[in-house]
Amino acid sequence: MPGRMSERMSGRMPERMSERMSGSMSEKGAADSVRNREFAVVTYLFLALFLGMIAYFAYFQIEKSEAFINSPYNARQDAFADRIIRGSIVSAQGDVLAETKTAADGTESRHYPYGRMFAHVTGFSTYGKSGIESICNFQLLRSHAFFLEKAFNEIQDKKNIGDTVVTTLDMNVQKAAYEALGNYQGAVAAIEPSTGKILAMVSKPDFDPNTIAQDWESITSGEESSVLLNRATQGLYPPGSTFKIFTLLEYMKENQNYKNYAYQCNGSLTEGENVIHCFGNAVHGQEDLKTAFAKSCNTSFAGIGLNLNLTKFAKTAKSLLFNSELPCEFPYRQSSFTLKKGASRGEIMQTSIGQGKTLITPYHLALVMSAIHQGGVLMQPYVIDKVTNYSGVEVLANEPKEYAQLLTPKKARTIRTYLEAVVTDGTAAALNGQSYQAAGKTGSAEFTSAKDSHAWFAGYASKEGAGDIVVSVVVEGAGTGGTYAVPVAKAVFDAYFQTGRGR
């Protein structure tokens with residue numbers, strides 16, 4: 001018995017042990033396989049993260065680093081001034097608008113040869129920065145001089161000369177706008193509508209950027225604090241009759257038979273307690289829509305406004321950049337259109353003729369006029385034409401490009417015929433019979449209970465074989481647009497075409 005049991009046991013035990021060992025090895029292999037897969041997943045994950053970081057680092061260095069460094073919020077930019085002499089800013093014709101002068105003792109100072117004329121658009125670089133000095137701070141503190149020259153200067157511990165910013169600003173147009181505005185406060189913005197190039201930007205009151213350090217306390221305190229405000233992009237004004245462009249467009253949208261419009265102007269329109277008068281109590285008599293626009297008839301357009309769909313009107317205003325971001329390199333303020341469904345009759349009447357709560361900047365009005373001129377297309381505005389090294393070798397350049405379609409080509413063409421009538425038969429007659437063809441809209445925007453008026457003109461001029469130019473003018477507290485703003489626009493047009501700038 002014992003022998004048989006021993007025999008059975010000796011025969012079975014190895015088999016069971018073998019099974020257990022085989023199962024244990026199988027479980028271990030499975031566990032190892034799981035651990036290997038987990039290890040591989042973690043490894044590949046970290047590898048993917050590493051490669052992603054390398055790819056982003058390369059992308060940042062190639063595509064984004066300069067934009068990041070060039071941000072006005074980057075406080076490290078001025079550190080470049082320790083090894084770079086700040087570059088120059090020049091006009092489209094090469095006139096030096098800003099440069100750095102180095103004294104015998106090595107002291108550097110910023111010099112603005114044309115003083116106040118380019119104050120707001122060129123800006124300053126003392127006590128902070130403004131204008132192009134701020135927009136192009138990074139470019140002005142970079143040097144693309146010949147690499148051997150740069151290396152030699154660095155060996156000698158000498159500074160390299162920064163790059164030159166070539167603007168789109170036209171010296172003759174800027175000078176004409178500045179001088180024509182005279183002693184009045186206000187602003188002028190001039191744009192080449194086919195490209196978006198900013199040709200001139202004037203704001204008054206102004207300051208002398210050469211003495212900004214000495215004058216800083218006086219111009220940043222009290223009544224003088226508005227001197228630094230660029231009224232072209234930051235000055236909000238009631239648009240007066242220039243807003244009739246927007247009212248006209250909405251009326252055309254809502255009324256396909258707008259050509260049949262007829263109105264008898266008696267000089268005033270009463271709606272309840274609200275009374276609208278034509279400027280100077282003028283009586284225009286029988287009018288069609290084009291005549292009412294050309295004569296800038298307040299009572300006609302106040303009546304038109306009362307019959308508009310206010311929801312659609314607000315949508316049209318939005319499409320023409322009211323209450324919207326603007327394509328603008330300079331600090332700016334958004335224009336505001338507040339008329340909504342349920343507004344009072346008086347508010348509707350006032351808004352329709354450019355009074356009430358509506359506010360606009362001269363720059364915004366220039367953009368709208370540019371789009372009308374270009375068949376509804378607004379080109380992206382820009383003031384920097386290119387950047388070169390100090391010896392003139394191009395580093396980078398801007399090219400014209402479309403920004404947005406603000407209105408249809410058909411509507412743009414129709415509005416152009418109405419703007420032309422303002423010159424041939426209306427309130428901007430001083431622009432008629434010139435060597436160029438002008439069109440536009442005047443405005444007289446009341447801003448006090450004493451009925452003081454800002455003078456407005458926004459329009460464009462064209463000449464066969466030459467380029468086109470858009471100008472927007474506001475003259476604060478001067479009076480009528482036809483008397484005070486139109487002559488400023490005419491001076492700008494004359495300067496542009498006399499020099500052959502657009503050819």
Side-chain angles (χ1 to χ4, degrees), residues 88-99 111-124 130-136 164-193 195-210 227-235 328-330 361-363 365-367 369-370 381-386 398 436 457-461 466-475 485 487-503:
S88 298
I89 301 172
V90 302
S91 72
Q93 294 85 4
D95 308 280
V96 176
L97 308 181
E99 61 183 343
H111 178 59
Y112 302 89
Y114 293 92
R116 295 172 179 270
M117 188 186 299
F118 289 87
H120 289 90
V121 63
T122 300
F124 55 84
S130 70
I132 296 170
E133 290 277 31
S134 175
I135 295 169
C136 293
T164 297
V165 170
V166 181
T167 71
T168 60
L169 299 169
D170 186 299
M171 171 60 70
N172 298 300
V173 174
Q174 180 82 10
K175 184 173 185 290
Y178 184 82
E179 292 180 349
L181 199 54
N183 294 325
Y184 283 104
Q185 296 187 11
V188 181
I191 297 175
E192 188 175 76
T195 62
K197 291 181 179 180
I198 296 174
L199 303 175
M201 187 175 286
V202 172
S203 176
K204 290 189 178 184
D206 51 37
F207 58 91
D208 187 346
N210 290 301
V227 166
L228 297 178
L229 184 77
N230 184 349
R231 282 165 160 76
T233 61
Q234 296 173 295
C328 187
E329 297 171 283
F330 298 92
T361 63
Y363 177 77
L365 199 49
L367 298 185
M369 198 60 69
S370 294
Y382 63 100
V383 74
I384 309 304
D385 186 47
K386 59 185 176 181
N398 281 322
Y436 46 82
F457 177 80
Y460 52 83
D468 303 325
I469 181 173
V470 162
V471 67
S472 176
V473 179
V474 64
V475 188
V488 176
K490 183 178 182 299
V492 170
F493 293 155
D494 289 348
Y496 182 77
F497 291 111
Q498 284 173 1
T499 59
R501 168 66 172 80
R503 288 183 174 83

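Keep in mind it's a predicted model, so treat the numbers as computed, not measured. Keep in mind that the numbers below use all heavy atoms, side chains included, and drop hydrogens, waters and symmetry copies.
- The shortest side-chain heavy-atom distance between His120 and Val202 does not fall under the 4.5 Å cut-off.
- Looking at Cys328 and Thr233, their side chains come closer than 4.5 Å, going by heavy atoms from C-beta outward.
- In summary, of the residues considered (Asp468, Ile469, Ile191), a side chain to side chain contact (heavy atoms under 4.5 Å, CB included) with Ser370 occurs for Ile191 alone.
- At least one side-chain heavy atom of Tyr496 sits less than 4.5 Å from a side-chain heavy atom of Glu192.
- A search for ring pair (Phe, Tyr, Trp, His ring centres under 6.0 Å) contacts involving Tyr363 returns nothing, not counting sequence neighbours.
- Side-chain contact between Gln93 and Asp170 is present, with at least one heavy-atom pair separated by less than 4.5 Å.
- Counting only heavy atoms from C-beta outward, the side chains of Val492 and Val473 never approach each other to under 4.5 Å.
- Within the 4.5 Å cutoff, side-chain heavy atoms of Met171 are placed close to those of Leu97.
- Annotation: salt bridge (charged side-chain N to carboxylate O under 4.0 Å, His left out) contacts of Lys175 (sequence neighbours excluded): Glu179.
- The shortest side-chain heavy-atom distance between Cys136 and Ile384 falls under the 4.5 Å cut-off.
- The aromatic rings of Phe497 and Tyr436 sit parallel, their planes meeting at an angle under 30°, below the 60° perpendicular limit.
- A donor-acceptor pair under 3.5 Å is absent between the side-chain atoms of Lys204 and the main chain of Asn183, judged by distance alone.
- In this structure the side chain of Gln498 never reaches within 4.5 angstrom of the side chain of Asn172, judged on heavy atoms.
- Every residue two or more places apart in sequence or in another chain that forms a ring pair (Phe, Tyr, Trp, His ring centres under 6.0 Å) with Tyr460 is listed here: His373.
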